[in-house]
Amino acid sequence: MAQRTYGFGVRMGNWNEDVYLEEELMKDFIEKRDKGELLIQRNRRLKETLLRPMQLSVSEDGYIHNGDHVMLVNPDHPEIEADLFLSGDLSLCLTPDEIRAQLSDKFDVPCSLSAAPTKIPVSRNTFIILSADRETIGQVLRYGQHFRLGITGVFEDKMLYLSSVPRTPLKLSKRSYLQEVFLTDELSYLNCWQAAFLDPQLRLEYEGFPVPANCKILINHCPTNRGLAVHRHLFLRTYFGKEAEVAAHTHLDPHKVEKPRNHWMLVTGSPRKDSPTMLDVRPPPMEDTCTLGQATSPRAQ
């Protein structure tokens, strides 16, 4: 009588090759884990680098100084020209390429920028005010004065500068196709920016006055005279989710006045322990308070 010689324990096919392949995969996994090259390990290091807490400078006299650590914040405003947009205060943030950042621990230069709804100072949204005229650290920044915006929170050995170049068919923003804004390590005149007073009728009169902290101003690119702008209705898919596009373009209303897209605040740290920035403690009548303070303050000597 015939007996059954086949069972589930019988190995068929290239079973020996499959066993060796599984062993090689396990060895490769252990080797990458020991070296910290696994995707989840790279993601963890990337988040720790970009989201490392930072300390903003506290302004004792209410003005911005060279060497201050600040956040660039576009105040909350409704986007009239679009139904869907990001609401709330948006801060300027470094946004590395997600795929390249996961393949290497070093960020590629130039780096992209975006505007994110975060009020906490971290390494990706904390900038340093740098004088373009080699002035001493601690000097007051003035309207019309050239300055640079640098970021070092994500790099230990170099500084990146906020830059822009004239628009070309190969060099433009991703969504609006306007003048691109990026971060680069090359020091040049393309890194120079200047602050302008919000009211165009008083802009010339305020040339040379100190730039107030936590007040609405305009930030213009010196080589092209384009204003730094946030497009809340144009979304970008970033490593941290949906964020808004940042470009260099001056948006004017029918009265030839800059739109809220071009409004920025240089936010400083708060002396209170319960608040990291002045966004939560600034007075409600923001524009009136800043205007009154500037009108009553004498020209810095």
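- Distance alone, capped at 3.5 Å, places no donor-acceptor pair between the Asp89 side chain and the Lys119 backbone.
- Aromatic ring orientation, Tyr189 versus His146: tilted (interplanar angle from 30° to 60°).
- The two residues Ala196 and Asn220 have their closest heavy-atom pair at CB-ND2, 3.8 Å.
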Thr224 and His221: CA distance, side-chain angles, deciding distance, side chain to side chain contact (heavy atoms under 4.5 Å, CB included) verdict: CA-CA 6 Å; Thr224 61; His221 190 229; 2.8 Å; yes
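- We find the CE-CD1 distance between Met159 and Ile151 to be 9.5 Å, quoted to the nearest 0.5 Å.
- Between the Asn125 side chain and the Cys93 main chain, no donor and acceptor come within less than 3.5 Å of each other.
- Annotation for Ile40: atom CD1 does not count as buried by contact number, only 12 or fewer foreign heavy atoms lying within 6.0 Å.
- A salt bridge is absent between Arg52 and Glu48; no separation between the charged side-chain nitrogens and carboxylate oxygens falls under 4.0 Å.
- Note on Arg232 versus Glu245: no salt bridge recorded, every NZ/NE/NH1/NH2 to OD/OE distance being 4.0 Å or above.
- Using a distance-only test at 3.5 Å, with no hydrogens or angles considered, a donor-acceptor pair links the side chain of Asp61 to the main chain of Tyr63.
- Under a 3.5 Å cut-off, the side chain of Ser91 and the backbone N or O of Thr118 do form a donor-acceptor pair.
- The shortest side-chain heavy-atom distance between Ile64 and Pro212 does not fall under the 4.5 Å cut-off.
- Ring geometry, His251 versus His231: the interplanar angle exceeds 60°, so the pair is classed perpendicular (tilted spans 30 to 60°).
- At distances below 3.5 Å, not a single donor-acceptor pair connects side-chain atoms of Gln194 with backbone N or O atoms of Tyr143.
- The side chain to side chain donor-acceptor pair (under 3.5 Å) test with Ser164 is passed by exactly one of Arg226, His249, Gln179: Gln179.
- Taking the side chain as every heavy atom from C-beta outward, Val267 and Val70 never approach each other to under 4.5 Å.
- Salt bridge present: Glu81 and Arg261 bring a charged side-chain N and a carboxylate O closer than 4.0 Å.
- In this structure a side-chain-to-backbone donor-acceptor pair under 3.5 Å is present from Arg203 to Leu198.
- Note that the OG atom of Ser123 and the CG atom of Leu50 stand 5.5 Å from one another [nearest 0.5 Å].
- Trp264 contributes no side-chain N or O that, together with a main-chain N or O of Cys215, makes up a donor-acceptor pair within less than 3.5 Å.
- Closest approach of Ser114 and Thr238 over heavy atoms only: OG-CG2, 4.4 Å.
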Val73 vs Leu279, side chain to side chain contact (heavy atoms under 4.5 Å, CB included): CA-CA, chis, key distance, verdict: CA-CA 9 Å; Val73 176; Leu279 288 174; 4.3 Å; yes
Trace of the side chain to side chain contact (heavy atoms under 4.5 Å, CB included) decision for Ser163 with Thr184: CA-CA 7 Å; Ser163 306; Thr184 180; 3.1 Å; yes
Trace of the side chain to side chain contact (heavy atoms under 4.5 Å, CB included) decision for Leu218 with Phe197: CA-CA 6 Å; Leu218 303 176; Phe197 191 69; over 6 Å; no
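- Judged purely by atom type and a 3.5 angstrom limit, Thr250 uses its side chain to pair as donor or acceptor with the backbone of Gly227.
- Using a distance-only test at 3.5 Å, with no hydrogens or angles considered, a donor-acceptor pair links the side chain of Asn262 to the main chain of Leu228.
- To the nearest 0.5 Å, the span separating NZ on Lys174 from CG on Leu234 amounts to 13.0 Å.
- A salt bridge does not link Lys158 to Glu186: none of the charged nitrogens lies less than 4.0 Å from a carboxylate oxygen.
- Of all heavy-atom pairs between Ser275 and Ser270, the closest is O-CB, 3.2 Å.
- The CG atom of Asp199 lies 9.5 Å from the CD atom of Glu205; values are rounded to the nearest 0.5 Å.
- When atom types are taken as modelled, the side chain of Glu207 and the backbone of Leu204 share no donor-acceptor pair closer than 3.5 angstrom.
- Partner Glu243 forms a side-chain contact (heavy atoms from CB on, under 4.5 Å) with one of Thr95, Leu90, Val230 and no other, that one being Thr95.
- In this structure, the side chains of Leu46 and Tyr239 come closer than 4.5 Å at one or more pairs of heavy atoms.
- Within the cation-pi definition used here (under 6.0 Å to the ring centroid, within 45° of the axis), Lys171 qualifies as a partner of Phe182.
- A donor atom on one side chain and an acceptor atom on the other are not found under 3.5 Å apart for Ser173 and Glu180.
- If you take OH on Tyr161 and CG on Leu190, they are separated by 13.5 Å, rounding to the nearest 0.5 Å.
- The two residues His65 and Gly138 come nearest to each other via the heavy atoms CD2-O, 3.1 Å.
- Here the CZ atom belonging to Arg148 is positioned 5.0 Å from the CG atom belonging to Asn191, to the nearest 0.5 angstrom.
- By the salt bridge (Lys or Arg N to Asp or Glu O under 4.0 Å) test, Lys32 pairs with Asp28, sequence neighbours left out.
- Inter-residue side-chain proximity for Thr268 and Val58 is flagged as unmet; no heavy-atom pair is nearer than 4.5 Å.
- The two residues Leu56 and Pro276 make their nearest non-hydrogen contact at CD1-O, 4.4 Å.
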